[in-house]
Every structure is written in structure tokens, then in C-alpha cells.
Amino acid sequence: MLVFIVRRLFVSIWVFLTATVVIFFLATKVKDPLADARQLPDNTRENAIAVIVERMHLDEPFIVRYFLWLGDAIRGDLGVNRQGLSVNSMLDAAVGATLQLVIGATVISIIVGITIGVISALRQYSALDQSVTFVAFVCFSLPSFWIATLLKEFMAIDFNDWLADPVISVPFIAGIALITALAAGGLVVGDRRTRFTVFGTTAAGMAVLLAVVSATGWFTDPGLGPVVVALTALGGAIGFTTLVSGLEWAPPMKAALASAVLGIIAYFALGPVLEDPNLLTMVLLALVTAGIGYGLGWFLGGDLYRRNAIPAAIFTGLFTGAVIFLDRMLQSFASYSDSVGGRPVSTIGANTPNYDGTFWQSGLDSFGHLALPSLALVLISLASYSRYTRASMLEVMNQDYVRTARAKGLSERAVVTRHVLRNGLIPITTLVSLDIGTVLGGAVITEKVFGWRAMGTMLLEGIHQGDPMPIMAFFLVSGGAIIVFNMIADITYAVLDPRIRLS
């Protein structure tokens, strides 16, 4: 493994250096950087041209300019752009905005897309599978700028107007109840009677819930409350235990339930701490939660079930913490909405200028600006992950070792998680590594529609001005990320399938 990593690093460095030469050459030829200066009046033209020539070393040959840039880049100085601004400062701001925009969208796309792909493969040719396939191809085929425009119109402007009088109409309640019931019926394994029972129960429950929410005006002052938090935490304990070990093993279930109960107690005990915390406090609470979950899994799991009890307890604790976090955030929604004029979902920019609120209000402000561009990116990427996962899962499910695992008497959960999913994720690893490396270069169209100044904007400005410095800074981040994540993908192959030897 070590030999493979060293060899790949050596080769990657030379590939990267060669690519920088090509990109630098193309960047110097994309546009004449003196075109604007030549349009100035006669009394200022010569001086402006001289300043740009000196700043960009235009009087030097291409190869000299490249090595001047390379020498500075090795020392951590990316130079200045055509206006004399530090590219390092521009890159710091652009990378921060890009990470804020794409990380959440990418993580959601990967988790949700793989989950949908797995369910579709397990329910091949069912109504759920056909519906997911249809929606995935529709989202994949729509242009990103059109999706972004639709989201701005219906998910921001119309939604903000609706919040002034949040009454849910009967047709909307019926539509949401029908869609939810169809999804629930497609997930259930059983005969037609069982599916119709689940369909009817889900439709009725969702309709009643939406009617109550509309009648009580919940959207004007939302919040989950202790009852919902407790029920969600206990449900999460059961769900994570089922996923990790199955319900037939008691010790992992005890550890997960203990973690959920401690989370419910913390909901009341940490009230003063969560009134207006800071980011460091939240990170420390998450680390403490993970540590407590590890301890519960260690002691309650015993020697035989410790391996399953530890992750069940940790995941349950972190999930309960996330539910408490969401509840606190929703409780601040009314005050935040009033402070921004009743328009909580923003259509432009990364934050509200000069806004100063509590930790929860500032979080809602960031979420309100992130929601639409993140959703646009998720809808586009979701189709790829779900389709690739479905195809990979179906291919693995037909292998001989999967049939052998079932013949040995392993449960369906064990067959899917230990054999099918693990080997089916190998092709997805390549897709994920390429996608993460690419999105770090920015989402140019999405940034343009929603007014984000991030990596894509910096690249476009460099191209329009014929300035190679911002273009090279963009390439250093995006190209370096692609190389690094491809190497991580190669290493992950060996972890997922020990038959793959890297060196």
C-alpha cells in the first residue's frame, strides 16, 4: 500500500506540473489583457498599458512568465490579478464560498442517491422503482439554469408570499398524502392487501398531519417539541439497530436505546447551554456525544456484540443531537423571519448584508441562502448516484457468491449490507471521487443564477479579463482535488474488496 501511494504521488506530481504548463499557455491566449486599456483616452492610455504590462510581465516570453508564476506558487504566493489585487485573498474567499455551497449538496446527493439506488435495486420493476427512474431522468435531463430559475420562482418567491398566510389547501394536502402513500406502499414487502393497508394508513396519517399543521398555524412559529424529539430519537435507535445488526440481537438495541434516552435527557438538561451557543460548543457536544455512544456500545454490547453495539449507539446519539439541533433552529424561525421582512428564503447571495443575530438566527440565515442553490445541485447529481448504484447493485446481486450467501442461511439484511452493497459501492467510489474533485472547482451556472461569488465566478472573471493568475489559482484547487480524490478512491477499492491489491 505504501509503495503504491508513493508511486502514485510521484506520477501525479509530474502529471500536475505538465497540466499547469498547458493551462498557463491557454490562459495567456484566451484574451488580450490590454484590450480595455487601449480604449482609454490618449492622455491615460500609455500609462495604463505600462502598468498592466509590468504587473502581468507581458514583456517577458511565455516560458519566463510560467516559471515566475511557478516559483511564486511554490512559495505560496499566487501573485496579483490585472487590477493588482492579491489572488491569495481572492482564492481564500472563493474557496470558502464554494465549500459552503457544494459540500452540503454533495454529501446529501451521495447519501440520498445511494439510498434511493439501493431501494430501487431491491424493488426492481416495482411501482417505486419505475417512479424513481422517471423522476431521476427528468431531473438529469433538465438544464441547471432552468432548475435554478424554477426554484427561485416557486420555492422562494411564492413560498415567502405563502408564509404571510400559511394555510394549506385541500388539493395540496391530497396530493402530498397520495405521493407519500405511494412511496410507503412501494417500500413494503408483502401481498397486495398489506400494501393497500400501508397505502391507506399512510395517506390518512399524512392528510391528518397536514390538516392539523395548517389549522394550528405551525409554519408561523415552528418547532418539534419534546414529544416529537423523544419519539424521533427512539425511532432512530430502532432504525440504526436494524441497519447495523438486526433487531434479533438485544445488546446493540439496548445500547442504541440508552443513547437515545440520554439524548432526550440532554434535551432538557442542556437548555441554558443551547440558548445561544457558538460553533465550538456544538462541535464539542458532538464529540462528547460520539464518545458517550462509544462507551455505551462498549459496556452494553459485551464481547460478542460490541462491534455492532458501538456504531448503533454512536449513530443514534448523533442523530438525536441533530434532531435537537433542528428543534432549536425551528424555534428561532419566527424571530428571524420578522427580522428579514418575512422573506426567510433568499434568492441571491450567501448571506444577508450586515445581519447580526443569535447563533440559531445566523444559522437560519445561512440555510435560507444555501437552500435553493444546494437543492439545484442535489437534483442534478441525485440521478447519477441513484442510477449508478441501482445498476451496480443489480449486477452484484446476480453473482454466485450472493446466491451462496443466501443458501448458507444469512438474513437478507446481512446479504445486502455485507456482500451486495459493499461490492456494489466499488464503481460508485470512482463516481464520488470524480464528483467531489470537480465540484470543488465551483458550480459556475448555479453561482451565476444565485449571485454567489465563489470559484466559478473567479474563473469566469479571469477568462473575461484575459488574466491567467485567477485561472491558475482555480486550476490549482480543482486539479489538485481531482488528483487527491482519485488516489483516495484507489485506496478505498482495496478497503471495500480485499481481493484488490494495490502494490
Side-chain angles (χ1 to χ4, degrees), residues 16-101 144-145 148 348-351 353-354 373 438 440-482:
F16 190 69
L17 285 175
T18 304
T20 59
V21 176
V22 176
I23 298 298
F24 192 89
F25 175 77
L26 295 175
T28 57
K29 301 299 182 182
V30 68
K31 185 179 179 181
D32 181 11
L34 300 176
D36 294 340
R38 292 193 177 98
Q39 306 300 321
L40 296 175
D42 294 339
N43 56 341
T44 59
R45 182 188 308 146
E46 295 300 327
N47 183 56
I49 291 177
V51 170
I52 296 175
V53 168
E54 180 181 3
R55 185 177 292 154
M56 300 181 63
H57 305 288
L58 297 179
D59 54 341
E60 302 287 353
F62 156 75
I63 193 65
V64 175
R65 294 176 63 190
Y66 169 77
F67 279 108
L68 287 173
W69 169 83
L70 182 62
D72 291 338
I74 293 175
R75 294 192 296 269
D77 181 12
L78 299 179
V80 296
N81 67 351
R82 201 181 66 158
Q83 286 76 31
L85 301 176
S86 171
V87 177
N88 284 55
S89 300
M90 295 171 57
L91 184 62
D92 289 341
V95 169
T98 295
L99 292 178
Q100 186 181 2
L101 177 61
S144 58
F145 65 88
I348 189 169
N351 50 58
N354 302 320
T438 302
L440 288 179
V444 179
I445 297 177
T446 304
E447 291 176 18
K448 197 71 175 178
V449 174
F450 290 103
W452 279 69
R453 296 190 60 82
M455 293 289 292
T457 303
M458 186 177 70
L459 173 65
L460 288 179
E461 290 180 351
I463 293 175
H464 290 159
Q465 297 175 3
D467 191 350
M469 296 297 107
I471 298 176
M472 295 306 298
F474 172 89
F475 177 75
L476 284 178
V477 174
S478 59
I482 290 175

Exercise answer: donor-acceptor pairs, residues 88-97 side-chain atoms, under 3.5 Å, sequence neighbours excluded:
{"unit_1": "Asn88", "atom_1": "OD1", "unit_2": "Leu78", "atom_2": "N", "d": "2.8"}
{"unit_1": "Asn88", "atom_1": "ND2", "unit_2": "Gly76", "atom_2": "O", "d": "2.8"}

Practice prompt. Please round to the nearest 0.5 Å and tell me the distance separating atom CZ of Phe67 and atom CG of Asp72.
Written response: 13.0 Å
Discussion item. Checking Asp467 now: which residues fulfil side chain to side chain donor-acceptor pair (under 3.5 Å) with it, not counting sequence neighbours?
Written reply: none
Atom pairs and distances, donor-acceptor, side-chain atoms in residues 450-457, under 3.5 Å, two or more places apart:
{"unit_1": "Trp452", "atom_1": "NE1", "unit_2": "Gly349", "atom_2": "O", "d": "3.3"}
{"unit_1": "Arg453", "atom_1": "NH1", "unit_2": "Glu461", "atom_2": "OE2", "d": "3.2"}
{"unit_1": "Arg453", "atom_1": "NH2", "unit_2": "Glu461", "atom_2": "OE1", "d": "3.4"}
{"unit_1": "Arg453", "atom_1": "NH2", "unit_2": "Glu461", "atom_2": "OE2", "d": "2.6"}
{"unit_1": "Thr457", "atom_1": "OG1", "unit_2": "Glu447", "atom_2": "OE1", "d": "3.3"}
{"unit_1": "Thr457", "atom_1": "OG1", "unit_2": "Trp452", "atom_2": "O", "d": "2.9"}

Worksheet item: Does Lys31 reach the main-chain N or O of His464 with its side chain, forming a donor-acceptor pair under 3.5 Å?
Response: yes
Worksheet entry | Taking every non-hydrogen atom, the tightest pair across Pro373 and Leu101 | CB-CD1, 3.4 Å
Practice prompt. Apply ring pair (Phe, Tyr, Trp, His ring centres under 6.0 Å) to Phe16 and list each qualifying residue two or more places apart in sequence or on a separate chain.
Written response: Phe475
All N/O donor-acceptor pairs, side-chain side in residues 59-66, below 3.5 Å, sequence neighbours left out:
{"unit_1": "Arg65", "atom_1": "NE", "unit_2": "Met56", "atom_2": "O", "d": "3.4"}
{"unit_1": "Tyr66", "atom_1": "OH", "unit_2": "Thr20", "atom_2": "OG1", "d": "2.8"}

Item to complete: For Glu54, look at atom CD and say whether over 12 heavy atoms of other residues, nucleotides or ligands are found less than 6.0 Å away.
Response: no
Fill in: Set of residues satisfying side chain to side chain donor-acceptor pair (under 3.5 Å) with respect to Asp32, sequence neighbours excluded
Arg38
Discussion item. Any heavy-atom pair between the side chains of Ile348 and Val449 that's under 4.5 Å?
Written reply: no
Item to complete: Check whether any side-chain N or O of Arg82 sits under 3.5 Å from a backbone N or O of Ile52 as a donor-acceptor pair, and report yes or no.
Response: no
Worksheet item: Quick one: CD1 on Ile23 to CD1 on Ile471, what's the gap to the nearest 0.5 Å?
Response: 9.0 Å
Fill in: Nearest-0.5 Å distance that lies between atom CG in Asp77 and atom OG in Ser86
7.0 Å
Discussion item. Rounded at 0.5 Å granularity, tell me how far CG in Leu460 sits from CZ in Phe474.
Written reply: 8.5 Å
Worksheet item: Nearest 0.5 Å, what's the CE-CH2 distance between Met469 and Trp69?
Response: 7.5 Å
